[in-house]
Structure formats: C-alpha cells, structure tokens
Participant: 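I have a structure I would like to understand better, so I am pasting it below and will then ask my questions one at a time.
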Number of protein chains: 2
Amino acid sequence: MFQISTRLRYGLRALTYLSTNEGSGTVSLHEIAEKEGISRKYLENIFKLLKKNKITRSVRGREGGYALIKKPEDIGLYEIAAALEGPVSLLDCIDAESLCENSSECGVRSFWADYQEYVKKYMLNITLAQVIDRYYNKK
Amino acid sequence: MFQISTRLRYGLRALTYLSTNEGSGTVSLHEIAEKEGISRKYLENIFKLLKKNKITRSVRGREGGYALIKKPEDIGLYEIAAALEGPVSLLDCIDAESLCENSSECGVRSFWADYQEYVKKYMLNITLAQVIDRYYNKK
DNA sequence: TTATTTCCTACTACTTTAATATGATATAAC
DNA sequence: GTTATATCATATTAAAGTAGTAGGAAATAA
C-alpha cells in the first residue's frame, strides 16, 4: 500500500549518485550500476525516461555518460516521479453522468482528487538536494 | 502515479452504499452490484477482506447480506485501505548494512519513510462518514 | 583502430489486478 | 420439506504492469 516502485527508487539513487559524482563532466551507467548495485541494463531504461523528460543530458561514446541538466536544488521530486511513473491522472469519468445519478462514484472521486493533490503537493515541495542531504546526514 | 486501485475504489463505493442503505438490517451484494454497477463476484472478493478485517459483518442465507460493524464516523479510511491493499510496509532493508556503506539507498529510504507517514496521516484523519458526506453534497 | 559508451528495439519472466467459474453451505420464505 | 436467495470457499483466467535481459547499432575519445 502506497509502495513506491523499484524504478523510482533506483532512479532517485542513481540521481543522488550522479549529482555527488559528476563534477564538471559526466558519469557512466557502468559506474552507477557498479557502485549502487543496480543492473546497468535496467538503468538504461530509467535514464531513457530521465533524458526524455529533460532531467539529465547525455554524452555518447567513450568517456561519455550522463549529467544533470539543472542543479539538485532546482529539481523537484515531482518531476522525477512523473518522468518515471507517468504524471498524476485522475480517474476516468467517461460515463460519469450516467453513473453519478445512482452511484457513490462522485463522492469517492472527489475525495481521491483531493488525495492526489495532497500527495502532489508533498512531491512538489521536496527537491533532489534535500534527498541528497539526507544521504550524508543519515538522519 | 499514485493511482488508487479499482478494488479500493469499488470498496469505498460499496461501503458508502451500504451505510446509506442498511437501515437496521443488511444489504445483499446482489443489490450493491446492481445499484453501483459492479460485478457481484468481484464484490464477494472485496467483502471477504472487509469481513476478515472486521469492518463488516455478514448474515448468510436468504434475506442475508452485509452490514457495517461500526458507525461511519468511527471507520477511518486507513483501515479500509489497509484491509483491501495490505498495510503500509517500509522498504525491505535486509542487506542494508552492506549497501548503506556505498550506496544512496539510506537517504532515499528515510525520505520514503517520511512520505509514507505523510500519506498514512491523511488516511487516518478521514472517515467513511466524510466520504459519504461528499456524495450527498457533491462538492 | 579499438574500447567504451549511449541508444534502440525487442523479448522474457514474474507478479498483480480484475474478474469469472463452480459449487458448497446456510437460512428465511413458501 | 422444498425452494429461492444469500454468503462462503477454492480455483482459474485474461490482461496489464514491473523488473530485468538480449543483441546490436551508432557515436566518440583514447
């Protein structure tokens, strides 16, 4: 219940590693995979999404790799989660009109809409920098 | 992302219907299925969990059905969600010690622990009565 | 030229989810 | 007592999602 996906967890770890090790250059997936104990092939899938959503940039070829586009302080968790798990979407309401007459769907829907806003708010207010900070302080 | 399951949504709708229609007796799954447009067989699965978790009671045989055990004001959404989706569980941390030395897992884990508490808090503070209230006010 | 890297298109194994199938058991109405 | 209507029990199925793998093309620095 309310479990996060391995994809997002791996993604966050990879980005944490990336931001603390990229320096002025890039970091290869090979290195991240080795240091974080994550499959390199699976990281490829993850970084494909991160690049597509303009969170990272890439350099191909030898000595290539990935780097963050923005500073960790400017990267919200919401955009990372949205990139890796798809954006928040409310429930479908296709035949809502016919349903809402006789069912409890409307009440439940409006409740969940609020719930999603609540979760989204949390994600919007936390940055990658804050997650990294936790890593070092192990608080 | 942060999407709720059909099982929980159906469960909430069924409980809403139940509490507004049980009166002093019980309501059959046949009736709920018909009025809410949900498969009766699927409702059986849902109510098996709700009964097991002491949210509803049942009466077998003709004229039988289900009823709430507590008043809607005393049923928190968290217990309903926990019954239908399993309780909140933190990430496994079996070989955490070996990992935490070199990886970013610890920082990410502590972040998600807070996140889960945040969500849990929301669920604990909302009752079935409040969801029902929304249904009528269609706010 | 070669080693290393991203990039691209699949494929696979596994788990979960939503739903169905079949029938046993209980009970009120007739 | 028979019957219709319920829950209860077990199990199966179809589709989707998740985690991870396979094989190689293209780029680029050493």
Participant: Whole-Å distance between dT5(C) C1' and E34(A) CD?
Facilitator: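 Whole-Å distance recorded here is 15 Å.
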
Participant: Does a nitrogen or oxygen in the side chain of Y66(A) sit under 4.0 Å from OP1 or OP2 of dT5(C)?
Facilitator: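 No, no such contact exists.
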
Participant: Shared ILVMFWY cluster between I46(B) and V59(B), side chains joined below 4.5 angstrom?
Facilitator: no

Participant: Could you give the start and end, 5' to 3', of the contact zone on DNA chain D for chain B, using atoms under 4.0 Å from its heavy atoms?
Facilitator: dA4(D) to dT10(D)

Participant: Rounded to the Å, how far apart are L8(B) CG and dT17(C) P?
Facilitator: 11 Å

Participant: What's the shortest heavy-atom distance between P72(B) and T127(B), and which atoms?
Facilitator: O-CB, 3.7 Å

Participant: When the distance from CG of L49(B) to C1' of dA18(C) is rounded to whole Å, what number comes out?
Facilitator: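 Taking atom C1' of dA18(C) as the reference, CG of L49(B) is at 13 Å.
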
Participant: Using the rule side chain to side chain donor-acceptor pair (under 3.5 Å), only one of E36(B), R13(B), K35(B) pairs with S104(A); which is it?
Facilitator: E36(B)

Participant: Whole angstrom is fine here: how far is it from CD in E85(B) over to C1' in dT15(C)?
Facilitator: 15 Å

Participant: If you measure from NZ on K54(B) to NZ on K70(B), what distance do you get to the nearest 0.5 Å?
Facilitator: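 The distance works out to 11.5 Å.
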
Participant: Can you tell me if Y42(B) uses its side chain to pair, donor with acceptor, with the backbone of Y10(B) under 3.5 Å?
Facilitator: no

Participant: Once ring pair (Phe, Tyr, Trp, His ring centres under 6.0 Å) is applied, do any residues pair with Y115(A), and if so which ones, sequence neighbours excluded?
Facilitator: W112(A), Y122(B)

Participant: Starting from P on dT17(C), measure out to CD on Q3(A) and report it in whole angstrom.
Facilitator: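 Taking CD of Q3(A) and P of dT17(C), I get 11 Å after rounding.
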
Participant: Tell me: CD of E63(B) to P of dA29(C), nearest whole Å?
Facilitator: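 Interatomic distance, CD of E63(B) to P of dA29(C): 6 Å.
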
Participant: Among residues 23-32 of chain A, which contact DNA chain C at a heavy-atom distance under 4.0 Å?
Facilitator: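 Hits under 4.0 Å, by residue number: S28(A), L29(A).
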
Participant: Quickly, which of L50(B), L128(B), I69(B) forms a side chain to side chain contact (heavy atoms under 4.5 Å, CB included) with I55(B)? Name it, please.
Facilitator: L50(B)

Participant: Test: ring-ring contact (aromatic ring centres under 6.0 Å, His included). Region: residues 48-71 of chain B. Which pairs qualify, not counting sequence neighbours?
Facilitator: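 ring-ring contact (aromatic ring centres under 6.0 Å, His included) check on residues 48-71 of chain B returns F47(B)-Y66(B).
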
Participant: Could you pull out the protein-nucleic contacts involving nucleotides 23-25 of chain C (nitrogen or oxygen on both sides, under 3.5 Å)?
Facilitator:
from, atom 1, to, atom 2, distance (Å)
dT25(C), O2, R60(B), NH2, 2.8

Participant: Quick check for you: to the nearest 0.5 Å, what is the distance between Q3(B) atom CD and E85(A) atom CD?
Facilitator: 11.0 Å

Participant: Looking at every strand, decide which applies to Y10(B) at a 4.0 Å heavy-atom threshold: base, sugar-phosphate, or nothing.
Facilitator: sugar-phosphate

Participant: In Å, rounded to the nearest 0.5 Å, how long is the span from CG of L12(B) to CD1 of I4(B)?
Facilitator: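 Those atoms lie 7.0 Å apart.
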
Participant: What is the separation between atom CZ on R62(B) and atom P on dA28(C), rounded to the nearest whole Å?
Facilitator: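 In whole Å, dA28(C) P and R62(B) CZ are 11 Å from each other.
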
Participant: Using a heavy-atom cut-off of 4.0 Å across all strands, would you classify K51(A) as base, sugar-phosphate, or nothing?
Facilitator: sugar-phosphate

Participant: Please assess K51(B) against S58(B) for the test side chain to side chain donor-acceptor pair (under 3.5 Å), listing each intermediate value before the final yes or no.
Facilitator: CA-CA 8 Å; K51(B) 187 187 177 183; S58(B) 69; 3.0 Å; yes

Participant: Just by modelled atom types, is the S19(A) backbone N or O under 3.5 Å from a matching donor or acceptor in the E22(A) side chain?
Facilitator: no

Participant: Are F111(A) and I126(B) packed together at the side-chain level, in the sense that at least one heavy-atom pair is separated by less than 4.5 angstrom?
Facilitator: yes

Participant: Given salt bridge (Lys or Arg N to Asp or Glu O under 4.0 Å), test E44(A) with R40(A) step by step and report yes or no.
Facilitator: CA-CA 6 Å; E44(A) 283 187 14; R40(A) 197 205 88 226; 2.6 Å; yes

Participant: Whole angstroms only, please: what is the CZ-C1' distance between R57(A) and dT5(C)?
Facilitator: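 That distance rounds to 15 Å.
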
Participant: What does the inter-axis angle of the helix from dT1(C)-dA30(D) to dC30(C)-dG1(D) come out as, five pairs per end, nearest 10 degrees?
Facilitator: 10°

